[in-house]
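Just below is one structure, and these are the notes that go with it.
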Amino acid sequence: MTKITSLTELKKLRDSLKEKMESYSLLDHPDSIIQVKVAMATCGQASGARPVFDYFKEELEKRNIPAMVTQTGCMSYCYAEPTIEVTIPGKNPVVFGFVNTRKADEIIERYIRKGELPDGVIPVNYETVISQ
Amino acid sequence: MKQKQLRIALRNCGVIDPERIEDYIAKDGYLALGKVLTELTPEATIEIIKKSGLRGRGGGGFPTGLKWEITRKVHGDQKYVVCNADEGDPGAFMDRSVLEGDPHSVLEAMAINGYCTGASKGLVYIRAEYPLAIERLKIAMKQAREYGFLGDQILGTGFCFDIEIRYGAGAFVCGEETALIHSMEGLRGEPTVKPPFPSESGYLGKPSNVNNVETYANIPVIINKGADWFASIGSAKSKGTKVFALAGKINNVGLVEVPMGTTLREVIYEIGGGIRDGKAFKAAQTGGPSGGCLTVKHLDIPIDYDNLIAAGSMMGSGGMIVMDEDDCMVAIAKFYLEFTVEESCGKCSPCRIGNKRLFEILEKITQGNGILEDLDKLKNLGKVIIDTSLCGLGQSSPNPVLSTLDNFYDEYIDHVTYKKCKSKVCKSLMTYIIDEEKCIGCTLCARNCPVNAISGERKQAHYIDPEKCIKCGACMEKCKFNAIFIN
Amino acid sequence: MELIKLTIDGKPVEAEKDTTILKAAKTVGIDIPTLCYFQLKDMNIENRPGGCRICVVEVKGRRNLAPACTTLVSGGMEVNTHSIRVLNARRTVLELILSDHPAECLTCAKSGSCELQSMAQQLGVREIPYQGEQSTYRKDTSPAIIRDVDKCIMCRRCEMMCNEVQTVGALSAVNRGFMAVVAPAFEMNLEKSTCTYCGQCVSVCPTGALTEVDHTRNVINALADPAKTVVVQTAPAVRAALGEEFGLEPGTLVTGKMVAALRRLGFDYVFDTDFAADLTIMEEGTELLDRLTRYLEGDPSVQLPILTSCCPGWVNFFEHHFPELRDIPSTAKSPQQMFGPIAKEYFAKKLGIDRKNMIVVSIMPCLAKKYECQRDEFKVSGDPDVNYSISTRELAAFIKLANIDFDAMPEEEFDKPMGESTGASVIFGTTGGVIEAACRTAYELYTHKKLAKVDFNELRGFESIRHATIDFNGLLLNIGIAHGLGNARKLLEDIKEGKSQFHAIEIMACPGGCIGGGGQPYHHGDSAILKKRASALYREDAGKPIRKSHENPFIISLYKEFLGAPGSDRSHHLLHTKYFDRSASVFVEE
Ligand SMILES: Cc1cc2nc3c(=O)[nH]c(=O)nc-3n(C[C@H](O)[C@H](O)[C@H](O)COP(=O)(O)O)c2cc1C
Ligand code: SF4
Ligand code: SF4
Ligand code: SF4
Ligand code: SF4
């Protein structure tokens with residue numbers, strides 16, 4: 001890793017990373033890949049997020065669905081852990097609660113493959129500040 | 001519709017991968033640090049924080065910019081930046097969530113603080129029971145060093161700053177800043193009289209700026225978006241947002257981040273989804289075990305530091321426990337007191353002995369042995385403990401008792417004078433009774449009573465001997481005819 | 001210095017910056033009651049944890065009450081020390097403390113000198129409204145000190161004494177909340193800890209939580225046994241303090257009355273430890289000169305400085321904390337333990353009685369002596385050279401028990417021969433005295449000249465570490481003095497690092513020396529009392545006809561008749577000891 005030695009350098013890095021990130025996640029990039037984020041804070045892990053994370057990783061590959069599975073922090077729907085967020089290119093992200101491996105299978109088969117909305121969707125109820 | 005929640009401190013939680021610094025950078029991470037180091041003087045940076053109106057999220061609500069300024073002005077060859085991640089408040093976990101979901105925001109803010117106060121060393125005091133947060137912090141620190149955001153010559157400037165982790169053993173009082181410092185020094189984790197404040201004489205006697213995790217998490221955004229933007233959010237004297245850990249009898253338990261000044265009603269009904277099972281709201285305890293309860297009459301006051309104190313409670317670190325009609329407020333007060341009795345460090349007499357006595361009186365009342373005079377004792381003792389205790393723990397521990405006495409005096413009277421617990425929580429005050437009309441004499445209850453308190457012939461109405469009954473409720477559970485009820 | 005103006009109870013007060021409300025109030029005659037607060041002025045000893053909360057006062061504009069002992073004055077401050085709010089809070093806090101305190105005043109060793117008791121009187125507590133569970137802890141008895149922690153009010157004075165002043169670190173707060181107590185590490189018994197039995201914790205404890213092990217009953221039994229000849233010795237510092245227990249002015253010398261009272265109590269021979277102190281000077285002084293001469297001759301096996309060894313608290317300290325330096329202190333026994341063998345091996349034989357039938361009792365300002373006399377190396381086939389050591393306080397209680405009107409006692413003389421002593425031995429009881437006595441003798445023995453001036457004023461005083469250079473006829477002797485083990489530690493660290501410039505060092509475990517010993521009447525933080533005791537000893541010294549140990553006629557005849565010369569084989573056998581490495585024994589479980 002090379003150290004960043006100026007603000008300009010940092011901004012450049014930020015821009016390229018942002019582009020890379022957006023290229024596979026945002027609405028206006030329908031050709032990018034599917035993204036699954038699993039909330040893996042202590043609360044999530046305590047309710048079984050780890051097997052769900054592994055399941056998505058293995059099953060999506062097995063079922064030949066090009067996707068990116070990542071971990072993230074607490075989405076703060078603690079009453080509904082484990083929670084995951086699925087982003088299909090061109091669509092708004094959807095958060096599912098109470099996800100176990102059975103539910104995960106249903107999400108893969110029904111939402112990711114067919115675009116149908118199974119039960120357990122949690123409506124987003126907050127705004128997030130964008131840094132700049 | 002405009003959402004009730006606004007995520008500033010939690011902006012990256014649940015969004016980025018906390019183990020990838022690249023995610024954080026893509027979200028403008030370390031930009032604030034870069035900006036401060038290359039474009040702003042420490043004084044100008046402190047001015048931004050002061051103007052933003054940010055106040056400490058760890059409980060006290062002390063103006064953050066002012067604290068930084070004091071630490072900056074105190075002379076010292078070595079200064080320290082301390083992050084208070086002790087989070088001992090039971091039920092609170094916002095600091096843990098920030099560290100697990102967005103550790104870099106805290107590291108970045110600490111470095112900014114170091115630049116402003118003249119410190120080259122940071123210390124994160126975190127409870128050892130947070131293994132995942134510790135893990136992620138360590139990863140984040142390593143990555144930040146690799147990118148040159150920590151260490152020597154940060155971002156090509158002359159500024160050097162690095163961070164170490166210190167582990168807490170989990171005592172609640174170690175979250176109090178002077179106790180925290182003593183604990184880091186390897187001494188007994190007990191508070192000392194302030195002043196001197198840590199900003200003047202802290203870790204190893206050096207000026208030390210102690211801030212809470214959530215306080216730090218707000219800093220980079222304030223730098224990036226400006227003081228005016230931040231000051232436009234919130235109420236007159238409390239700016240920005242506050243994260244609450246919603247718990248108790250509420251539908252959507254979890255973390256919520258709302259602008260200061262949001263009402264309790266909005267938090268409970270619009271964000272929290274209302275009370276579970278459609279029951280009636282009775283009270284919300286804020287400020288953790290040493291906060292007070294807010295009641296129906298407080299539903300529409302805007303929540304901020306000053307209003308909560310005026311209502312006999314406090315902001316604390318942001319725990320919010322919702323109670324419904326089934327909760328007995330005397331039992332609740334006793335429950336919190338039990339916690340503070342356990343967690344008192346024992347240094348000063350009012351807290352060490354006084355809280356124990358408060359607890360004993362409450363226990364006596366819930367057991368049906370209270371007398372009216374006890375209520376006066378609770379009041380006097382509570383006031384004296386607040387008035388005379390050494391640290392914030394004792395200065396606030398009687399709050400649950402005093403605020404329930406204020407708001408639910410009739411419940412205390414029920415317990416003391418009529419020996420009744422309307423919420424049917426205090427076992428000693430309950431009598432199990434068999435309704436002669438409904439009882440068909442099946443004998444099932446008598447066979448299940450562990451102490452043979454139930455008598456009666458087959459096919460005749462049964463009777464529970466109140467002297468023998470231990471109030472376990474086994475009979476009531478078994479009866480198929482709903483013939484047993486509690487009085 | 002800029003003065004800060006404030007008002008206390010309406011009175012205008014001016015105080016220097018960094019003054020506490022407590023001290024500022026004192027300057028205008030307002031005494032705010034305190035309990036945990038403790039101070040020994042001029043000795044740099046202060047305990048102010050701000051824990052008891054008895055001293056709370058109202059400060060205008062402040063949300064809660066302020067502890068006067070730790071709150072600093074500020075400009076324009078308006079303090080009220082007796083508003084109803086303050087009085088109610090203060091009394092409630094005291095009631096709380098009392099609610100967790102066993103009401104055993106009738107039988108408590110501290111009754112009458114207990115600061116909690118007098119506080120309850122002062123605040124007029126007549127009942128304790130907040131009754132409840134009391135915290136309890138196991139009782140811990142060591143050879144010298146009893147810990148009855150149920151009576152502990154967590155003032156932390158003992159902890160401050162043991163850690164900050166003595167740097168022994170045997171006591172610290174453990175456990176939390178209602179169960180918090182002050183205890184040795186890992187809550188082991190004091191006997192297993194690094195405790196030196198200096199007794200300084202006992203001397204500051206406001207309650208009966210820390211007291212000495214009382215041996216008065218054993219002494220009474222011995223006195224009642226017609227088969228025993230009971231010999232008593234009294235240490236120098238006792239005569240300067242005993243009177244306080246009978247209402248006499250601190251600093252009153254009660255030597256003669258004390259001797260009379262001891263006779264009335266039935267002791268067969270009333271002797272003086274001072275005589276043994278003279279003997280100590282002979283042995284220690286000779287050892288010093290011997291080492292010095294060899295050192296000057298370039299003998300590489302000789303170590304300097306030489307350290308005094310007459311304080312058993314100090315001996316315990318270096319055995320625990322600096323065992324690697326245990327070859328440096330003089331091997332001379334303490335006066336108490338020199339007295340023992342002379343009594344039992346010399347005097348008993350003269351009387352024609354078996355040593356087993358002689359009981360030697362010592363009256364000491366000291367608690368470490370209780371432990372010292374029980375050490376195995378000071379026994380002959382199980383029979384201790386000194387059977388019982390009781391403190392000044394115990395003797396006072398014994399005199400009261402015997403219904404003796406102390407103040408009415410005539411002035412009587414010690415018995416002969418072991419009651420003969422010099423002025424040099426009297427000043428053993430105060431810091432600097434031992435080394436001054438040693439200098440008087442060593443000077444004359446080394447230079448073969450008469451001292452022109454017997455007083456070495458440069459060695460006197462109360463500063464924690466002192467040093468002086470004494471001219472021994474051209475040989476400049478560097479002398480160091482430390483009292484209090486924390487100060488001793490500093491000198492020892494220097495020795496360890498090879499930085500010490502001293503030829504000889506006197507060390508006393510207790511601040512002020514034995515006049516401030518753990519067995520003395522309680523001074524309750526009044527350092528003036530200690531100074532008065534010290535000057536009493538210097539007074540007695542000045543008034544003595546003989547003021548140098550080597551001129552004590554009985555010492556001269558004892559060497560002639562029995563011991564031979566200082567440092568002879570017999571002297572070595574009876575008057576010298578060896579030291580042990582006790583650093584490892586500290587954490588061994590029972
Ligand atoms: C008993 C007690 C417990 C506390 N626990 C915490 C804690 O767990 N986390 C925290 O940040 N502050 C805690 N505080 C507050 C701290 O003392 C201190 O005010 C805070 O860390 C300062 O940071 P801030 O100004 O950013 O809020 C506690 C205070 C008291 C009296
Ligand atoms: S108030 Fe309680 S926690 Fe705080 S110092 Fe006193 S005893 Fe310790
Ligand atoms: S006797 Fe001395 S060493 Fe022992 S605990 Fe007390 S103060 Fe410490
Ligand atoms: S033992 Fe005595 S001196 Fe030590 S804390 Fe307890 S009351 Fe104070
Ligand atoms: S200074 Fe005196 S009283 Fe104190 S321990 Fe030593 S000999 Fe005993």
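Chain naming here is simple, since letters A, B, ... match the order of the sequence lines and numbering starts at 1 in each. FYI, side chains are in, hydrogens and waters are out, and symmetry mates aren't considered; it's all heavy atoms of this structure. Since the structure is predicted, the reported quantities are computational estimates derived from the model, not experimental observations.
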Nearest-0.5 Å distance, [atom1] of residue [X] to [atom2] of residue [Y]:
X	Y	atom1	atom2	value
B/Lys4	A/Glu127	NZ	CD	11.5 Å
A/Thr128	B/Glu257	OG1	CD	8.5 Å
A/Lys18	B/Ile25	NZ	CD1	12.0 Å

Do [X] side-chain atoms and [Y] backbone N/O form a donor-acceptor pair below 3.5 Å?
X	Y	answer
B/Glu22	A/Leu17	no
A/Thr70	B/Asp17	no
A/Ser76	B/Gly254	no

key: Most chain B-contacting option - heavy-atom pairs closer than 4.5 Å, from A/Ala39, A/Gly73, A/Ser16   = A/Gly73
Please state whether the side chain, the backbone, both or neither of [X] comes within less than 4.5 Å of a heavy atom of chain A.
X	answer
B/Tyr24	neither
B/Arg145	backbone
B/Val98	neither

message = A/Leu7 and side-chain contact (heavy atoms from CB on, under 4.5 Å): which single residue from B/Leu37, B/Leu31, B/Leu155 fits?
response = B/Leu31
ask   = Judged by modelled atom types alone, do B/Glu19 and A/Gln71 share a side-chain donor-acceptor pair under 3.5 Å?
value = yes
